[in-house]
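Everything on this sheet refers to the single structure shown next.
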Amino acid sequence: VVTYTTLIDGLGKAGKLEEAVSLLREMEKQGCEPSVVTYSSLMASFARRDQLEESLSFYDEMIRKGCIPDVATYSLVINCLCRSNDVEKALEAFGRMKEESWEPSLGIYKTLLDALVRDEKIHLALQIFHELEGSSLVPDTFVYNVVVNGLVKSNRVDEACKMVDSMKSRNISPDLITYSSLLDGLGKAGRLEEAFSVFTKMSEEGCEPDVVAYTSLMDVLGKGGKINHALTIFRTMTKKNIAPDAVTYSSLLDSLGKEGRVKEAQEIKRIRFLANQENP
RNA sequence: UAGAUUGGAGC
C-alpha cells in the first residue's frame with residue numbers, strides 16, 4: 001500500500017493525474033486496499049490543478065469504500081467546497097469532522113471564515129470565530145484580517161474597529177492588510193477623517209502604506225467629494241516612488257469623470273500613458 | 001497526503 005501510495009503521490013505532484021488514477025485502479029485490481037493517505041494524496045493533486053469536482057469524487061469514493069477520512073482529508077474537502085462556493089456543504093463537512101472528534105486546524109478556520117465572508121454570512125462567520133476563540137488554537141493576524149474584512153464588507157465598521165483593538169490587546173499585531181481593510185471600511189462609510197487617521201497611524205506603526213492602501217484612500221476621498229485631496233495623495237504617492245497600478249488609475253479617472261474634471265483626467269491619462277511606455 | 005485562505009477601482 002505504501003509503495004503504491006508513494007508512486008501515486010509522485011505522479012499526482014508531477015501533474016500526471018490520469019496515470020495516478022490508473023495506478024489506483026491497478027492497485028485495487030491487485031487486491032491492495034487504498035488507504036486514507038492514498039485518497040487524500042489524489043484529492044490534493046486534483047485540487048492543486050483546480051479540478052475540484054474530481055477531487056471531491058475521490059472523497060465520495062473513499063467513503064463508499066468504508067475508508068475513514070482524517071484531518072488532512074477534511075481539510076482538503078472543506079477547501080474544495082469553499083473554492084466551489086458551496087459553503088453549506090463545507091459547513092456540513094466541518095460539523096462532521098468535529099463529531100468525529102477531529103481538531104480543525106487554524107487553516108481550516110481561515111478557509112471557512114473567508115468563504116462565509118464572501119458568501120455574506122457574517123453572522124455565521126462570527127459564530128465560527130467565537131468557536132475558534134474557545135478552542136486551544138491561537139488566532140493569528142490572518143484570521144483576524146478575514147473577520148475584520150467581513151465586518152467591513154457588512155458595513156459593521158465599528159465592530160471592525162473593536163476587533164482590531166481586541167487583537168492588539170491580545171498582542172496580535174495588525175498588519176498592512178488589517179489597516180487597509182479598516183481604512184477602506186471607514187472611507188466607504190463616509191468617515192473620511194477616521195479613514196485618514198488610520199492611514200497616518202499605520203505608517204507610525206511601521207506598516208508603510210502600499211499601492212493598495214494609497215488607492216483605497218484616494219478612492220474614498222474621490223467618491224466622498226474630496227477629489228482635490230485625492231489628487232494630492234496621488235502626488236504624494238508618486239513622490240514616494242509607489243507606482244500606481246491599473247486600479248489606481250481606474251478609480252481616480254472614475255472620480256474625476258463623475259465630477260466633470262476633464263482637464264485633470266487628461267493629465268492623469270497622460271501620466272498613465274507615460275508610465276506604460278516606460279514599463280510595458 | 002500539507003494543501004488552501006485575507007485589503008483597493010471600474011465593468
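What's counted below: heavy atoms across the whole structure, side chains too, no hydrogens, waters or symmetry copies. Since we're looking at a predicted model, the values are computed, not measured. Numbers restart at 1 for each chain; the letters A, B, ... are given by sequence-line order, proteins then strands.
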Strictly by modelled atom types, are A:Tyr4 and A:Glu26 linked by a side-chain donor-acceptor pair under 3.5 Å?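 Not at all, the side chains of A:Tyr4 and A:Glu26 share no donor-acceptor pair under 3.5 Å.
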Using only heavy-atom distances, determine whether the side chains of A:Thr6 and A:Thr3 contain a donor-acceptor pair under 3.5 Å.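 Result is no, nothing qualifies.
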Residue list, side-chain contact (heavy atoms from CB on, under 4.5 Å) with [X], at least two apart or on another chain:
X        : value
A:Phe142 : A:Lys110, A:Asp140, A:Val146
A:Ser135 : A:Leu132, A:Leu137
A:Lys65  : A:Arg25, A:Glu28, A:Tyr39, A:Glu61
A:Lys258 : A:Asp254

Salt bridge flag under 4.0 Å for residues [X] and [Y]:
X        : Y        : result
A:Glu267 : A:Arg261 : no
A:Lys201 : A:Glu204 : no
A:Lys98  : A:Glu131 : yes
A:Asp114 : A:Arg83  : no

Taking only heavy atoms on the protein side, list every residue of [range] lying under 4.0 Å from any atom of RNA chain B, sorted numerically.
range                       : value
residues 242-250 of chain A : A:Asp245, A:Val247, A:Thr248, A:Ser250
residues 53-71 of chain A   : A:Asp70
residues 259-273 of chain A : none
residues 213-224 of chain A : A:Ala213, A:Thr215, A:Ser216, A:Asp219, A:Lys223
residues 136-153 of chain A : A:Phe142, A:Asn145, A:Val146, A:Asn149, A:Lys153

Check: A:Ser181 side chain, A:Ile177 main-chain N or O, donor-acceptor pair, under 3.5 Å: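 Yes.
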For A:Val37, does its backbone N or O pair with a side-chain atom of A:Ser40 as donor and acceptor, under 3.5 Å? no
Validation row, ring centre A:Tyr109 to ring centre A:Phe94 under 6.0 Å: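 Distance test on ring centres: under 6.0 Å, yes.
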On RNA chain B, which is the earliest and which the latest nucleotide, 5' to 3', with an atom closer than 4.0 Å to a heavy atom of chain A? B:rU1 to B:rG10
How many angstroms lie between atom CG of A:Leu112 and atom NZ of A:Lys121, to the nearest 0.5 angstrom? 11.5 Å
Taking ring-ring contact (aromatic ring centres under 6.0 Å, His included) as the test, write out the residues that go with A:Phe46, two or more places apart.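 Once residues adjacent in sequence are excluded, the partners of A:Phe46 under the ring-ring contact (aromatic ring centres under 6.0 Å, His included) criterion are A:Phe58.
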Taking ring-ring contact (aromatic ring centres under 6.0 Å, His included) as the test, write out the residues that go with A:Phe129, two or more places apart.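 If we apply the ring-ring contact (aromatic ring centres under 6.0 Å, His included) test to A:Phe129, skipping adjacent residues, the hits are A:Tyr144.
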